[in-house]
Amino acid sequence: MSQSKIPRTAVVPAAGLGTRFLPATKTVPKELLPVVDTPGIELVAEEAKSAGAERLLIITSPGKDGVVAHFVQDLVLEHTLAARGKESMLAKVRNAPSLLEVASVIQDQPLGLGHAVGCVETALGDDEDAIAVLLPDDLVLPGGVLSAMARTRAEYGGSVLCAIEVDDEKISAYGVFDVEDADPATPHVKRVKGMVEKPAADEAPSNLAAAGRYILDRKIFDALREITTGAGGELQLTDAIALLIEKGEPVHVVVHHGTRHDLGNPGGYLKAAVDFALDRDDYGPELRAWLRERLDQ
């Protein structure tokens, strides 16, 4: 693997029911809800491609076929748009199918993120020594953090995670890293000593929280087989990462200084939609003016 290219396979866990968005997600997968006019999972796929991934492996649940279908070419729709001269719309619908090779893996039971990641092992080639995992609930902006994580793996080996700085009053909602400096010359890279799930603010080992981006060494699958289920009978990915650390495997974080939008709940989703819309020439000016007027009322 080159120093700037992430592993060939990018894994996107998308097996959840999206219960926080019911009733909308009764028929529409949460991952296809539009951020302005682009589904969140398409934005994640674009991020993976821009960092060098060649294949998108989507983890789905039985009967949840719509997420993968979004990446399949629709020739009838394309022909209709072309015949009507809708060139800009045609480019939009062609985008997702053109990004990456897409395949799916079924997670038969909702047994946690660790279990979901474990489901992809048999879909990897023998020569793949790592995978990238992108949680579709997390939009990490601006882009580039995956490439920085790949460079860190090239230097230190092992697994690399993305971290963001979180204020004390919000830290208890996150998985928080216990870290130490890896090299004074690269202060944005930290060696991970451990991880604490949702600590109280006065017990948090740092202000660095997990941000839904991982480059995981293939040894993660051995660790997932060794750990036991935790709360709710689920296999936790953080427990497997903790086991790797315990075994002396290198695990690092890259601290990302930017924005993270949480598409996993309606409040975060609305913020992301507004943020993206404000940056667009077609919607931004009118939306900005309306927001100012609305907030002044």
Side-chain angles (χ1 to χ4, degrees), residues 7 9-33 39-41 44-45 48 53 55-72 100-126 128 130-138 159 161 173-175 195-198 210-244 246 262-266 268-269:
T9 298
V11 176
V12 178
L17 296 176
T19 53
R20 285 180 286 186
F21 282 89
L22 286 170
T25 47
K26 181 181 177 182
T27 53
V28 180
K30 175 185 64 175
E31 295 80 11
L32 295 184
L33 295 176
I41 197 166
V44 170
R55 180 171 70 148
L56 193 71
L57 200 54
I58 302 174
I59 305 169
T60 62
S61 51
K64 191 176 179 182
D65 304 320
V67 179
V68 178
H70 179 68
F71 293 91
V72 176
L100 298 153
E101 172 194 340
V102 176
S104 63
V105 171
I106 300 295
Q107 183 185 17
D108 290 326
Q109 302 177 67
L111 298 178
L113 179 58
H115 178 264
V117 170
C119 291
V120 310
E121 183 179 15
T122 57
L124 301 178
D126 293 340
E128 294 187 79
I131 58 172
V133 177
L134 296 82
L135 302 190
D137 283 353
D138 291 335
S159 298
L161 290 65
Y174 293 85
M195 195 170 179
V196 181
E197 279 294 332
K198 299 181 179 180
R213 298 292 181 270
Y214 310 79
I215 295 180
L216 299 174
D217 189 272
R218 192 154 182 159
K219 291 177 182 177
I220 192 68
F221 299 114
D222 292 329
L224 286 167
R225 280 187 283 272
E226 288 189 48
I227 63 172
T228 57
T229 55
E234 296 185 344
L235 285 176
Q236 301 297 335
L237 184 60
T238 52
D239 289 343
I241 293 170
L243 181 57
L244 289 179
E246 186 180 317
D262 180 6
L263 299 184
N265 68 81
Y269 170 81

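Predicted model, so just to flag it, every value in this text is computed and none were measured.
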Participant: Output yes when a side-chain donor or acceptor of Arg55 lies under 3.5 Å from a complementary backbone atom of Ala10, and no otherwise.
Facilitator: no

Participant: How close do Leu57 and Ala123 get, heavy atom to heavy atom, and via which atoms?
Facilitator: CD2-CB, 3.8 Å

Participant: Give me the atom names and distance for the closest heavy-atom approach of Ser159 to Leu244.
Facilitator: OG-CD1, 4.1 Å

Participant: Any idea which heavy atoms bring Val67 and Ile41 closest together, and the distance?
Facilitator: CG1-CD1, 3.3 Å

Participant: Can you check whether Val105 reaches Ile58 side chain to side chain, under 4.5 Å on heavy atoms?
Facilitator: no

Participant: How far apart are the closest heavy atoms of Ala45 and Leu100, and which atoms are they?
Facilitator: O-CD1, 3.7 Å

Participant: For the residue pair Thr60 / Gln107, report whether a side-chain donor-acceptor contact shorter than 3.5 Å exists.
Facilitator: no

Participant: For a side-chain contact (heavy atoms from CB on, under 4.5 Å) check, start with the C-alpha distance between Ile131 and Phe221, then their side-chain angles and the critical distance, and finish with the verdict.
Facilitator: CA-CA 11 Å; Ile131 58 172; Phe221 299 114; 4.0 Å; yes

Participant: As an exercise, state the distance from CG of Leu17 to NZ of Lys26, rounded to the nearest 0.5 Å.
Facilitator: 13.5 Å

Participant: Does Ser61 use its side chain to pair, donor to acceptor, with the backbone of Ala15 at less than 3.5 Å?
Facilitator: yes

Participant: Any side-chain heavy atom of Arg213 within less than 4.5 Å of one from Asp138?
Facilitator: yes

Participant: Using a 4.5 Å cut-off on heavy atoms from C-beta on, say whether the side chain of Leu135 contacts that of Tyr214.
Facilitator: yes

Participant: Does any non-hydrogen side-chain atom of Ile59 lie less than 4.5 Å from one of Val11?
Facilitator: yes

Participant: Measuring from Leu237:CG to Leu113:CG, what's the distance to the nearest 0.5 Å?
Facilitator: 5.0 Å

Participant: Between Lys64 (side chain only) and Gly16 (backbone N and O only), is there a donor and an acceptor less than 3.5 Å apart?
Facilitator: yes

Participant: Would Thr229 and Leu111 count as a side-chain contact (heavy atoms from CB on, under 4.5 Å) here? Give the steps.
Facilitator: CA-CA 9 Å; Thr229 55; Leu111 298 178; over 6 Å; no

Participant: Any donor-acceptor pair under 3.5 Å linking the side chain of Arg218 with the backbone of Glu128?
Facilitator: yes

Participant: Could you pull out all residues at least two apart from Arg225 that satisfy salt bridge (charged side-chain N to carboxylate O under 4.0 Å, His left out)?
Facilitator: Glu121, Asp222

Participant: Quick one: are Thr9 and Leu124 in side-chain contact, heavy atoms under 4.5 Å?
Facilitator: yes

Participant: To the nearest 0.5 Å, how far apart are CG in Leu243 and OG1 in Thr238?
Facilitator: 11.5 Å

Participant: Please report the interatomic distance CG(Leu32) to OG1(Thr25), rounded to the nearest 0.5 Å.
Facilitator: 11.5 Å

Participant: Measuring from atom CZ of Phe71 to atom CG of Leu56, what distance do you get when rounded to the nearest 0.5 angstrom?
Facilitator: 5.5 Å

Participant: Compare all side-chain heavy atoms of Lys30 with those of Asp137 and state whether any distance is below 4.5 angstrom.
Facilitator: yes

Participant: For a 4.5 angstrom cut-off between non-hydrogen side-chain atoms, does Ile241 reach Leu216?
Facilitator: yes

Participant: In terms of heavy-atom contacts, does CD1 of Ile106 have more than 12 from other residues, nucleotides or ligands at under 6.0 Å?
Facilitator: yes

Participant: Minimum heavy-atom separation for Gly40 and Leu263, please, with both atom names.
Facilitator: CA-CD1, 4.0 Å

Participant: Could you pull out the closest heavy-atom pair between Gly264 and Asp262, with the gap in Å?
Facilitator: N-OD1, 2.8 Å

Participant: Nearest 0.5 Å please: distance from the CD atom of Glu226 over to the CG atom of Asp239.
Facilitator: 12.5 Å

